[in-house]
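Right, one structure below, let's go through it.
Just follow the structure's listing: the first ligand is 1, and inside any ligand the first atom is 1. In this chain, residues are counted from 1 in sequence order. Treat the numbers as computed from the prediction; the structure is a model and nothing was measured.
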Amino acid sequence: MPEDTAPELVKSVPRLRKALDDVRRHGKTIGFVPTMGALHEGHLSLVRAAKAECDFTVVSIYVNPTQFGPQEDFTRYPRTLEADMAALATVQTGLVFAPGNEEMYRPGHDTWVQVGAVAEVLEGACRPGHFRGVATVVLKLLNMVGPDMAYFGHKDYQQALLIRRMVEDLNVPAAIRVCPTMREADGLAMSSRNRYLSPDARRRAVSLSRSLDLAARLVRDGQASAETIAARMREVLTEEGRAQIEYVALVDPDTLQPVQEIRAPTLAAIAARIDETRLIDNTILRPY
Ligand code: AMP
């Protein structure tokens, strides 16, 4: 095992470009993992995927204000740079880019990515403006880093889908990779927001993955009615999780439009609140 070495920490765009120009000059490929920090194994799995494919790995840590609604958790979102640097040292990350707000959004910033139809439903419907903020910051970061490959988690399926679309539509020269959702031993999808959960809420939060597991089992056993499956999922969420459901959706994985019958791979997606904490999770249901 190589020794843990702290990655280089860079806060300004000119310093970032200079460091990465040097990497490129040595003929190395660059893998990029954008994050909001408060890192967990899910984030680290993306870094490992980047390291497996690319010569040099860049992780960004930036809690992007423009993707949070006014009533959302921007101010209380966990910021744990020191612990994040230590975690990234264990996976030998090359460079960490952690800009301040003044570096990301210069005074007078007034250009935004207008996202299309896949951003209107599910998270887009619940969180107005969220994906405009996500797409804009991800495009800025891709332009700053200029990676060969960028890595995203299946956990945020809709986000990954619309970033793929953006990169195709706007000819961004980076390949997009989507990596599996990392879970706790009981199935709860890892998330920086899990640390908001009280011990009781943490126990009930497993109802999200349990309802997805139930959906997968029903489909495997031949159930094809989306309505029936969604009703059973809702039961698990409300009865076992005492969750407030924002949506339980069974949709086409490419268009995110609802399906009635599960005859092809279908995305099952959930957003629900356990007490005050809003959690999301998803899986692909396969009827064969
Ligand atoms: P975030 O810091 O929440 O913005 O997430 C940064 C990246 O990590 C996104 O591409 C997420 O989809 C991904 N990610 C978050 N949680 C997980 C997880 N449990 N497993 C895999 N990837 C994840």
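- In the vicinity of Thr181, heavy-atom distances shorter than 4.0 Å reach the ligand 1 atoms 19 (N), 20 (N), 21 (C).
- Considering only non-hydrogen protein atoms, atom 5 (O) of ligand 1 sits nearest to His43 NE2, 3.5 Å.
- With hydrogens left out, the protein atom closest to atom 14 (N) of ligand 1 is Asp156 OD2, 4.3 Å, a heavy atom.
- A cation-pi contact links Lys140 to Tyr105, judged by a cut-off of 6.0 Å to the six-membered ring centre and 45° from its axis.
- Between Ala160 and ligand 1 there is no heavy-atom distance shorter than 4.0 Å.
- Here Cys179 has no heavy atoms under 4.0 Å from ligand 1, in either its backbone or its side chain.
- Within the 4.0 Å heavy-atom criterion, neither part of Ser191 lies near ligand 1.
- Tyr157 does not carry Arg164 over the face of its six-membered ring by the limits of under 6.0 Å from the centre and within 45° of the normal.
- The shortest heavy-atom contact between Ile280 and Glu123 is CG2-OE2, 3.5 Å.
- Of the options Arg177, Gln159, Met182, the smallest heavy-atom separation from atom 20 (N) of ligand 1 is shown by Met182.
- Remark: Asp73 does not engage Arg76 in a salt bridge, criterion side-chain N to carboxylate O under 4.0 Å.
- At a heavy-atom cutoff of 4.0 Å, ligand 1 is contacted by the side chain of His40 but not by its backbone.
- A cation-pi contact, defined as under 6.0 Å to the ring centre and within 45° of the axis, is absent between Arg193 and Tyr77.
- Regarding atom 10 (O) of ligand 1, its nearest protein heavy-atom neighbour is Gly153 N, 3.0 Å.
- Glu41 and Arg183 are not joined by a salt bridge, as no carboxylate oxygen comes within less than 4.0 angstrom of a charged side-chain nitrogen.
- Within the 4.0 Å heavy-atom cutoff, Ala38 does not count among the residues contacting ligand 1.
- When Val137, Leu46, Leu188 are ranked by how near their heavy atoms come to atom 8 (O) of ligand 1, first place goes to Leu46.
- Using a 4.0 Å cut-off between charged nitrogen and carboxylate oxygen, Glu239 and Arg242 do not count as a salt-bridge pair.
- Set against the non-hydrogen atoms of Met36, the atoms of ligand 1 under 4.0 Å away are 1 (P), 2 (O), 4 (O).
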